[in-house]
Amino acid sequence: MISFAVGAPDPALLPGELVAALAADVVAEHGMSVLQYGATRGFPPLLDQAQILLRERAITGAAGRTHIATGGSGALHSACMALLEPGSVVLAETPTYGPAVKVFRSHGAVVYGVESDADGILPEALAATLARQRVAMVYLLPTFQNPTGRTMPTARREQIAEVVLRHGVTVVEDDVYADLRYQGDPLPAFWSFAPHSTVYITSLSKTVAPALRTGIAVLPEYLLEQVLAMKQGIDMQTSTFNQAIAAGFLRSAAGAAHVARVVENYGAKLAALTAALRRHMPSGFSWTEPEGGMFVWVEGPAAVRWRPTSPVKDSMPVRIRCHG
Ligand SMILES: Cc1ncc(COP(=O)(O)O)c(C=O)c1O
């Protein structure tokens with residue numbers, strides 16, 4: 001099996017030279033403080049840069065409750081520590097990002113899938129489930145979802161926000177692919193429709209480098225102190241050195257040019273992949289045509305058995321599910 005569960009960047013597109021130059025710059029600029037312990041909430045210059053990135057996603061007025069996490073995964077883990085206890089119920093889209101389900105279960109949570117369509121989780125199904133039981137967290141991936149590639153349109157975001165606000169439940173919005181948009185206009189983050197009930201999580205792993213382990217989280221007021229206390233216990237803080245490099249990347253023209261190059265390259269790969277699917281897939285198969293991200297979801301008819309013959313190299317991730 002070739003696992004495409006984690007969206008790994010193309011190694012040829014990792015910005016080695018730029019990161020090496022920034023590593024030297026940050027020591028020259030900040031001295032030994034970048035090698036020292038720092039504030040658990042985050043390195044101030046990166047928190048400032050994060051606000052610029054968040055503003056582009058309609059996330060404003062929350063600078064005081066933004067923090068830098070050890071990747072999107074670290075943000076998810078500390079949110080789970082604050083929100084979940086054994087027996088807690090987590091609701092997720094179907095299908096959803098498998099590693100997150102493992103994290104929820106590791107906190108003793110019971111995870112239920114809520115019926116979803118091409119636009120994401122269904123408001124009626126979510127409302128019915130929330131009416132039936134107490135729920136600790138709704139986990140959503142509204143943009144370029146892993147694994148389907150689908151994006152929740154603005155109207156659906158508004159409908160889901162109305163449902164979660166009515167039921168007073170916390171949403172975790174996992175938005176690590178937002179900057180990999182190849183077509184169409186950016187959508188406002190789900191957070192912007194429920195800013196006091198949503199944990200917003202994003203990451204620099206997909207556009208800069210996973211090894212920087214730099215994520216950004218925006219927390220509701222009621223979770224901020226608790227999450228930071230948990231984070232202090234888990235890893236004290238996200239590496240100041242890495243945060244300084246990330247801040248340098250985000251404020252540099254070379255960083256912006258790198259992200260543009262990544263987007264252009266992945267956009268061309270996605271176009272090649274969907275063109276190949278149109279050309280080669282037999283009738284009875286269907287697939288998503290995302291405007292960005294790293295995933296295309298292919299479904300086949302019941303009679304088909306998928307048997308991979310050789311490893312697929314150097315391609316966009318494809319996940320194939322056959323019914324039956
Ligand atoms: C949906 C989703 N969330 C989170 C992550 C983890 O991101 P990070 O490297 O920032 O921990 C991934 C990585 O593939 C992902 O696909």
Do I121 and V169 belong together in a cluster built from hydrophobic side chains that touch within less than 4.5 Å?
yes

About how many Å separate CD of Q243 and OG1 of T214, when rounded to the nearest 0.5 Å?
6.5 Å

Can you get from F190 to V114 by hopping between Ile, Leu, Val, Met, Phe, Trp and Tyr side chains that sit under 4.5 Å apart?
yes

Are side-chain heavy atoms of T154 and P188 found at a separation under 4.5 Å?
yes

Residue pair F144 / G292: nearest heavy atoms and the distance that separates them
CE2-N, 3.3 Å

Compare all side-chain heavy atoms of Y112 with those of V135 and state whether any distance is below 4.5 angstrom.
no

Of all heavy-atom pairs linking A100 and L76, the shortest is CB-CD2, 3.7 Å

Just wondering, more than 12 heavy atoms not from E221 lying within 6.0 Å of its CD?
yes

Point-to-point distance, once rounded to the nearest 0.5 Å, from OG1 of T70 to CG of N242:
9.0 Å

Could you go through R57 and T143, starting from their C-alpha distance and side-chain angles, then the distance that decides it, and tell me whether this counts as side-chain hydrogen bond (donor to acceptor under 3.5 Å, both in side chains)?
CA-CA 11 Å; R57 303 175 191 182; T143 305; over 6 Å; no

Which atom of L224 lies closest to which atom of G64, heavy atoms considered
CD2-O, 3.6 Å

Same cluster for L22 and L13 if Ile/Leu/Val/Met/Phe/Trp/Tyr side chains link at under 4.5 Å?
yes

Which heavy-atom pair separates V199 from A79 by the least distance, and what is that distance?
CG1-CB, 4.3 Å

Pairwise side-chain contact, E93 with L140, heavy-atom cut-off 4.5 Å (strictly under):
yes

Contact list for residues 68-107, test ring-ring contact (aromatic ring centres under 6.0 Å, His included), sequence neighbours left out:
H77-H107, F104-Y139

d(T66 OG1, L53 CG) to nearest 0.5 Å is 10.5 Å

Check for me, please, whether I160 and L130 land in the same ILVMFWY cluster - side-chain distances under 4.5 Å, paths through other members count.
yes

Hey, what do you get for CG (L219) to CH2 (W191), rounding to the nearest 0.5 Å?
11.0 Å

Considering non-hydrogen atoms only, spot the tightest contact between A189 and I59 and give its length.
CB-CD1, 3.8 Å

Derivation of the side-chain contact (heavy atoms from CB on, under 4.5 Å) call for M137 and T170
CA-CA 5 Å; M137 180 201 292; T170 304; 5.5 Å; no

More than 12 heavy atoms of other groups within 6.0 Å of R134 CZ:
no

Write out all pairs satisfying ring-ring contact (aromatic ring centres under 6.0 Å, His included) with one or both partners inside residues 24-71, taking only residues at least two apart or from two chains.
H30-F43

Can you name the closest pair of heavy atoms from Y182 and G293 and give their distance?
OH-O, 2.6 Å

Mind running side-chain contact (heavy atoms from CB on, under 4.5 Å) on I68 and I216 for me, showing each step along the way?
CA-CA 5 Å; I68 305 301; I216 299 165; 4.1 Å; yes

Before you tell me yes or no, could you show the steps for R150 and W297 under side-chain contact (heavy atoms from CB on, under 4.5 Å), namely the whole-Å CA-CA distance, both residues' side-chain angles and the distance that decides it to 0.1 Å?
CA-CA 9 Å; R150 72 187 170 206; W297 179 259; over 6 Å; no

Residue pairs involving residues 146-169 (criterion ring-ring contact (aromatic ring centres under 6.0 Å, His included); sequence neighbours excluded):
none

Nearest 0.5 Å, what's the CG-OG1 distance between L141 and T151?
10.5 Å

Hydrophobic cluster mates of I234, side-chain heavy atoms under 4.5 angstrom, ILVMFWY only, any path?
M81, M230

Please indicate whether E289 has more than 12 foreign heavy atoms, meaning atoms of other residues, nucleotides or ligands, lying under 6.0 Å from its CD.
yes

Which pairs count as ring-ring contact (aromatic ring centres under 6.0 Å, His included) when at least one residue sits in residues 203-242, sequence neighbours excluded?
none

Atom CG in L54, atom CG in D175: separation rounded to 0.5 Å?
9.5 Å

Tell me whether F193 shares a hydrophobic cluster with Y200, the cluster being built from Ile, Leu, Val, Met, Phe, Trp, Tyr side chains joined at under 4.5 Å.
no

Would you indicate whether E115, at its atom CD, is surrounded by more than 12 heavy atoms from other residues, nucleotides or ligands within a distance under 6.0 Å?
no

Salt bridge (charged side-chain N to carboxylate O under 4.0 Å, His left out) between R251 and E29, intermediate numbers included:
CA-CA 14 Å; R251 70 164 188 241; E29 185 183 344; 2.9 Å; yes

Ion pair present between D117 and R156, side-chain N to carboxylate O less than 4.0 angstrom?
yes

Tell me, which pairs form a salt bridge (charged side-chain N to carboxylate O under 4.0 Å, His left out) where one or both residues lie in residues 238-248, sequence neighbours left out?
none

Checking T288 against F295 for the side-chain contact (heavy atoms from CB on, under 4.5 Å) test, could you report, in this order, the C-alpha distance in whole Å, the side-chain angles of both residues, the deciding distance, and whether it holds?
CA-CA 9 Å; T288 53; F295 303 94; over 6 Å; no

